[in-house]
Amino acid sequence: MNWALETIIKLLRPGKSLYRVLLDSVTLSDENVKFQIIHEGNKVLLQVEIYEIEGNIFRLKIDEASPLRPRYKVPDVLIKEPTTQRLLISHKEAGILVLSSVNEDYKLRVTANPFQVELQSKGETVMSVNSNGLLYFEHLQPPPSDRKPTAQNEEAASDSSKEKQEDLGLWQEKFGSFLDIKAHGPTSVGMDFSLHGYDHVYGIPQHTETLLLKNTSDGDAYRLYNLDIFGHKIHEKIGIYGSVPLLLAHKPNRTSGIFWLNSSETLVDISTKAVSLPPVLPITAKQRAVPLTDVRWMSESGIIDVFLLMGPTAFDIFKQFAQLTGTQALPPLFSLGYHQCRWNYEDEQDVKAVDAGFDAHDIPYDVIWLDIEHTDGKRYFTWDKKKFQNPRKMQEHLRKRKRKLVVIVDPHIKVDPSYILYAQAKEKGYFVKDRNGQDFEGICWPGSSCYPDFTNPDVRKWYADQFAFKTYKGSTNILFVWNDMNEPSVFKGAELTMQKDAVHYNNWEHREVHNLYGFYQQMATAEGLIRRSSGKERPFVLTRSFFAGSQKYGAVWTGDNTAEWSYLKISIPMLLTINMAGISFCGADVGGFIGDPEPELLVRWYQAGAYQPFFRGHSNMESKRREPWLFGEKNTQIIRKAITERYVLLPYLYTLFYRAHTAAEPVMRSLWIEFPGKMETFDVENEYMLGNALLVHPVTEKEAKTVTVLFPGSEEIWYDFRKFKRMEDAGTVKIPVTLENIPVFQRGGTVIPLKTSAGKSTEWMIDISYELHVALDAEACAIGELYVDDGHSFQYLHKKQFLYRKFTFHKNILSSSPRECPICHKTAEVNSVLHKSEGSDT
């Protein structure tokens, strides 16, 4: 924890900003509007740049006008430099600068003294910036020992505090026995944003918290700082494995977003209150009380680089964020099947026995996983010579059974000069350095370890090359990868991670790049898997640590959860929040990683996981074995049914992932996203929509006999998905439940494509026919779609080899027509990918 950051956010209170705009510095170009602001206390100049980006996005950048050295600007997260639109100056007088957007819907009203920006849409203020005067910018200064005494040095230590910068406490911090030396001094930045009319805010994963973000006025701020927290507690605002600095605000007629592009430790403070507005008409003397949410961001370093996403709908926000950071990678079809994992499957015989167990018990599955014990002494890219003597033969065995293997590849590399990976990285200077220029060494699973500097593009290329079949001995093209411990995890380190004063590529300190470390490892791994197939095959990479844009490289999971009912319950809002942040391919360890679930909990977790994007059972080495058939015949039967339902649903799920990939629509959705005008949905976190057609209500209470389901929208019709029975009641309804399954409902007006039966794995199902579930709305109409391709290659992208159909039921006629790709706007008809004509049942 950066105590200085924590102190600043607690001590700095709202008030009049000490910054004012120098209006004579305003310059206008096709790209942006620039001007300078000055701090009335220390006289430091900051450069402000405002951009309008295509698609209702505004960007605000603030940096020092003349820094002693460049400040860190996050690279590689934006997929390209955004396309800008020219802003116009429509008013400039009496201390006010008004900027108009090209489409004239939006205006930015800049007040000079104190500096403040109001963002208006059609005359209504949607968001204001620095209206609480909390713009904070610690400018770079020479170390106290190098400083010549001047009047300026005697000024305030920070922009709004009178502590003196000479205080060495600002240049170094102690965390237990660890000393963090800030080579360039304190460099925190912060800004406040007021969201007008909003009292529901979401996002900023990852926390074990409720869907609706809480007011932090009386407690801790939400922290974004990737950490390895084993058995994380529930309802804590501490940062865990991943960070996406994207916040969404929603009210019935509008959704807005704030994307704070900063990869250092970040705190987010939220305060919601009611404010009084003057009456609309003079006749009514009463003032109106409307909600206002203040959100304040504070980061340890870098610059202020923030994107204001103006929606106006939630789906617009998702597209805007994807326009900046990319869409969800289209997963290979096998990865949407069921994954069986454990720390650890012991040896080749154990792998074969578990694989045979699924067939013996008639349970579909696609992938078996190997944790760290499969390696030679925790040296990644190797195999234990006794337990895995012939890994290629083992993989050929799995291949014949149409299944895949995932192995773990953590970032830490064992310090061992005879280990070729270590020797190469050492020789090339590819490890992160400590503050004295030596290779940073920390303790992790292998013992003493060094950490590749993934921020260096040469290191990423070298790392990607390690996945080549000729280099990674014993690997085949059915082997895929799991990146764990990549926060990075450093045992015995401060907060179990790398020291902030470690040094990366281009001499940037670790504090600047911390939240990007796992993002970069997954990027390099995914590139390695693509490259080993000469660019032909889609990769599958699961990562524990993530950042904005991680969706481009694969899947994430919620980390080391516990086998308790409360963890099953909290997994739903956690996954919904990650989906909102652009990462649709996410899941929680079924059954809980730590401990031993009682059979009922395990059954309920399988039933929930079957209707979530990433579906993997996983457990700790201290846990008892928990393959799905070990809990008695009745429970085996129920788990088999849940997994089979998943496999039958795959055509719908794969189509949803295609929409996520091409149109940035989340696969798993909070109810308010589908029903934005229904206020009763705004805080619902115990049920969710899978796509736009299925309402899923997992059972998260022990021995539950009923669950209370909210059917949103009085005009909507809902059907029991399994029984084809129309639900008679609307609103909040008590539904009886048994252990056999969880409530799932289909929305009227939708068509869901399914397979007629499940196979042993996804590859066994190519020749199984399709059926359509048509659920009629009040007008006796329904629409839906089906996307099909070969399930594994990039041919859908490079050769347009896919089938994409729209189904319409209208006037008692079911019709099918080609749909165009949302990206290339082309239709493709490649019937060969189906291998069999579609069946259809209604």
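Annotation: side chain of His339 is not in contact with side chain of Leu542 (no heavy-atom distance under 4.5 Å). You'll find the side chain of Thr808 stays beyond 4.5 Å of the side chain of Leu814, heavy atoms only. For the pair Asn686/Val684, a side-chain contact is recorded, criterion being any heavy-atom separation below 4.5 Å from C-beta on.
A distance-only check finds a donor-acceptor pair linking the side chain of Asp347 to the backbone of Gln349 [under 3.5 Å]. A donor-acceptor contact shorter than 3.5 Å is absent between the side chain of Ser571 and the backbone of Ala588. A donor-acceptor pair under 3.5 Å is formed between the side chain of Arg646 and the backbone N or O of Gln612. Proximity of a side-chain donor or acceptor of Glu645 to a complementary backbone N or O of Lys641 within less than 3.5 Å is not detected. For the pair Gln340 (side chain) and Ile368 (backbone), a donor-acceptor distance under 3.5 Å is absent. Between the Asp777 side chain and the Cys781 main chain, a donor and an acceptor come within less than 3.5 Å of each other.
Tyr652 and His773 have their aromatic ring centers separated by at least 6.0 angstrom. Between Tyr719 and Phe745, the distance from one ring center to the other does not fall under 6.0 angstrom. Between Trp672 and Tyr202, the ring center distance clears the sub-6.0 Å criterion. Aromatic ring centroids of Phe711 and His697 lie 6.0 Å or more apart. Ring-centre distance between Phe657 and Phe585: below the 6.0 Å cut-off. Checked against a 6.0 Å centroid threshold, the rings of Phe802 and Tyr787 count as neighbours. Within the 6.0 Å centre-distance limit, the rings of Tyr658 and Tyr804 are counted as a close aromatic pair. Separation of the His374 and Tyr345 ring centroids does not fall under the 6.0 Å cut-off. Proximity of the aromatic rings of Tyr365 and Tyr338 is defined here by a centroid distance below 6.0 angstrom, and this criterion is not met.
The residues Glu785 and Lys806 are annotated as not salt-bridged, no charged nitrogen and carboxylate oxygen being separated by less than 4.0 angstrom. Look at Asp228 and Arg544 and you find a salt bridge, because one of the NZ, NE, NH1 or NH2 atoms lies within 4.0 Å of a carboxylate O, short of that distance. The pair Asp789-Arg538 counts as a salt bridge, with a side-chain nitrogen and a carboxylate oxygen less than 4.0 angstrom apart. Electrostatic pairing of Glu716 and Arg747 counts as a salt bridge here, judged by a charged N lying under 4.0 Å from a carboxylate O. With respect to the salt-bridge test (charged N to carboxylate O, under 4.0 angstrom), the residues Glu598 and Lys702 qualify. By the 4.0 Å N-to-carboxylate-O rule, Lys569 lies too far from Glu685 to be salt-bridged with it. A salt bridge between Asp355 and Lys760 is absent, with no side-chain N of the basic residue lying under 4.0 Å from a carboxylate O of the acidic one.
The number of heavy-atom neighbours closer than 6.0 Å to CZ of Arg625, taken from other residues, nucleotides and ligands shown, is above 12.
The distance from atom CD1 of Ile766 to atom NZ of Lys755, rounded to the nearest 0.5 Å, is 8.0 Å. Here the CZ atom belonging to Phe807 is positioned 4.5 Å from the OG atom belonging to Ser816, to the nearest 0.5 angstrom.
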Can you give me every donor-acceptor pair (side chain of residues 630-640, partner residue at least two apart or in another chain, under 3.5 Å) with its distance?
residue: Asn635; atom: ND2; partner: Phe631; partner atom: O; Å: 2.8
residue: Thr636; atom: OG1; partner: Gly632; partner atom: O; Å: 2.9
residue: Arg640; atom: NE; partner: His361; partner atom: O; Å: 2.8
residue: Arg640; atom: NH2; partner: His361; partner atom: O; Å: 3.0

### Query
When you look at Arg401 and Asp359, which way does the salt bridge (Lys or Arg N to Asp or Glu O under 4.0 Å) test go after all the steps?
CA-CA 10 Å; Arg401 301 164 89 84; Asp359 287 342; 3.0 Å; yes
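A cation-pi geometry, defined here as NZ or CZ lying under 6.0 Å from the six-membered ring centre and within 45° of its normal, holds between Arg616 and Trp482. Geometric assessment of Lys404 against the ring of Phe480 yields a negative cation-pi assignment under the 6.0 Å and 45° thresholds.
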